[in-house]
Amino acid sequence: MTVEPGEFCAVVGPSGCGKSTTLTLVAGLDRASEGTVAVGGQPVTGIGRGTSFMFQTDALLPWKSVLGNVALGPLFRGAPKKSALTDARDWLRMVGLAGFEDRYPHQLSGGMRKRVALAAALINEPSILLMDEPFGALDVQTKAIMSNELLTLWDQSKPSVIFVTHDLEEAIALADKVVVMTAGPGTVKAVFDIDLPRPRGSVQEIRFGQRFTELHHEIWESLRDEVTRAYARTASVSVAPATEGVLS
């Protein structure tokens, strides 16, 4: 699996195939038991600069304000406090949260917390942005809004993005290419280039286009077998002990 500079790559696959593990390997949060992981041609040996990670759950500090959470990255990197706070205010404005700087995470909606997390990831000007189902817990309308905002912000600095999702429509709407992983142990089964023109416009509208439908069909044909295989495997594991108990 190769992601080029400035490329938006979505990764799909059945649960348990290693999608999230792939992100932690790239980030240097985990070590590969086999094979190699390289960034810019150099092996990943630990957590490096230039990589931001947006997790499934909100990785916000509940005791810090919205402004304080977004300013953390620059402060950790040694930026002067005044400069970090100024940049944090700018990013909160860009994600539509001007006026909420002094609020705390528990005072925000789920979508607003995701905007804070996105600002906190992008304020560091990463060359690599890792996103692990960042919008999975949001309602459909908020998810669509966040997807549009992500594309707008990504287009400004063009970091390489690895975006893990279970939502195939989301993957096609956002990405330059979609990687399909096999049921565990996960390997790359197929790579599909998404030839939808950019700028994409509203992700809600492009889903109705003919080419989008064709891509969805092609990728689902590859993904469906892996989802079925993974489900059959987990079903047999969970049913077997109960069956043995009945027979005995």
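The structure presented is a predicted model; accordingly, all values stated were derived computationally and were not measured.
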Exercise for the section: Search all heavy atoms of Ala32 against all heavy atoms of Gly35 and return the closest pair with its distance. Expected result: CB-O, 4.2 Å
Practice task
Specify the closest pair of heavy atoms between Leu60 and Arg113, including all atoms of both residues, with the distance to one decimal.
Solution key: CD1-O, 3.9 Å
Exercise for the section: Classify the ring geometry between Phe8 and Trp154 as parallel (under 30°), tilted (30 to 60°) or perpendicular (over 60°). Expected result: perpendicular
Handout entry: Path from Trp91 to Leu151 over hydrophobic side-chain contacts below 4.5 Å
Key = yes
Handout entry: NZ on Lys114 to CG on Leu108, rounded to 0.5 Å
Key = 13.0 Å
Problem - Heavy-atom donor-acceptor pair, Ser160 side chain to Ile128 backbone, under 3.5 Å - result: no
Handout entry: OG on Ser109 to CG on Asp139, rounded to 0.5 Å
Key = 9.0 Å
Problem - Shortest non-hydrogen separation from Ile206 to Arg200 and the atoms involved - result: CG2-O, 3.1 Å
Handout entry: side chain to side chain donor-acceptor pair (under 3.5 Å) partners of Arg103, counting only residues at least two apart
Key = none
Completion exercise
Closest non-hydrogen atoms of Ala183 and Pro14, given as atom of the first, atom of the second and distance, are CA-CG, 3.7 Å
Practice task
For the residue pair Met94 and Leu122, establish whether any side-chain heavy-atom pair is separated by less than 4.5 Å.
Solution key: no
Handout entry: More than 12 heavy atoms of other groups within 6.0 Å of Gln56 CD
Key = yes
In residues 186-193, what donor-acceptor pairs under 3.5 Å come from side-chain atoms, sequence neighbours left out?
residue, atom, partner, partner atom, Å
Thr187, OG1, Thr182, OG1, 3.0
Lys189, NZ, Ser222, O, 2.8
Lys189, NZ, Glu226, OE2, 2.9

Problem - Flag, side chain of Arg93 to backbone of Ala98, donor-acceptor distance under 3.5 Å - result: no
Handout entry: Residue pair Pro62 / Tyr104, side-chain heavy-atom distance below 4.5 Å
Key = no
Problem - Charged N-O contact under 4.0 Å between Glu133 and Lys143 - result: no
Exercise for the section: Please name all residues satisfying side chain to side chain donor-acceptor pair (under 3.5 Å) with Ser65, sequence neighbours left out, ordered by chain then number. Expected result: none
Fill in the blank from the handout: Between Leu215 and Ile172 the two heavy atoms that sit nearest each other are C-CD1, 4.0 Å
Completion exercise
In this structure, CZ of Arg77 is separated from CD of Glu125 (nearest 0.5 Å) by 10.0 Å
Problem - Partner of Pro105 by side chain to side chain contact (heavy atoms under 4.5 Å, CB included), out of Asn69, Asp58, Leu61 - result: Asn69
Handout entry: Atom pair CZ (Phe100) and CD (Gln107), whose distance is rounded to the nearest 0.5 Å
Key = 10.5 Å
Exercise for the section: Could you tell me whether Glu214 atom CD has more than 12 heavy atoms of other residues or ligands within 6.0 Å of it? Expected result: yes
Exercise for the section: Would you indicate whether the side-chain heavy atoms of Pro126 and Phe53 approach each other to under 4.5 Å? Expected result: no
Problem - Rounded distance [0.5 Å steps], CG in Leu118 versus CD1 in Ile123 - result: 11.5 Å
Exercise for the section: To the nearest 0.5 Å, tell me how far Leu23 CG sits from Leu129 CG. Expected result: 10.0 Å
Exercise for the section: May I ask you to test the Asp155-Lys158 pair for a side-chain heavy-atom distance under 4.5 Å? Expected result: yes
Completion exercise
Which of Ile145, Leu150, Asp167 passes side chain to side chain contact (heavy atoms under 4.5 Å, CB included) with Phe135? It is Leu150
Problem - Option passing side chain to side chain contact (heavy atoms under 4.5 Å, CB included) with Met181 (candidates Thr22, Leu223, Val12) - result: Thr22
Problem - Residue pair Arg207 / His216, side-chain heavy-atom distance below 4.5 Å - result: no
Handout entry: Residue pair Ala175 / Cys9: nearest heavy atoms and the distance that separates them
Key = CB-C, 4.4 Å
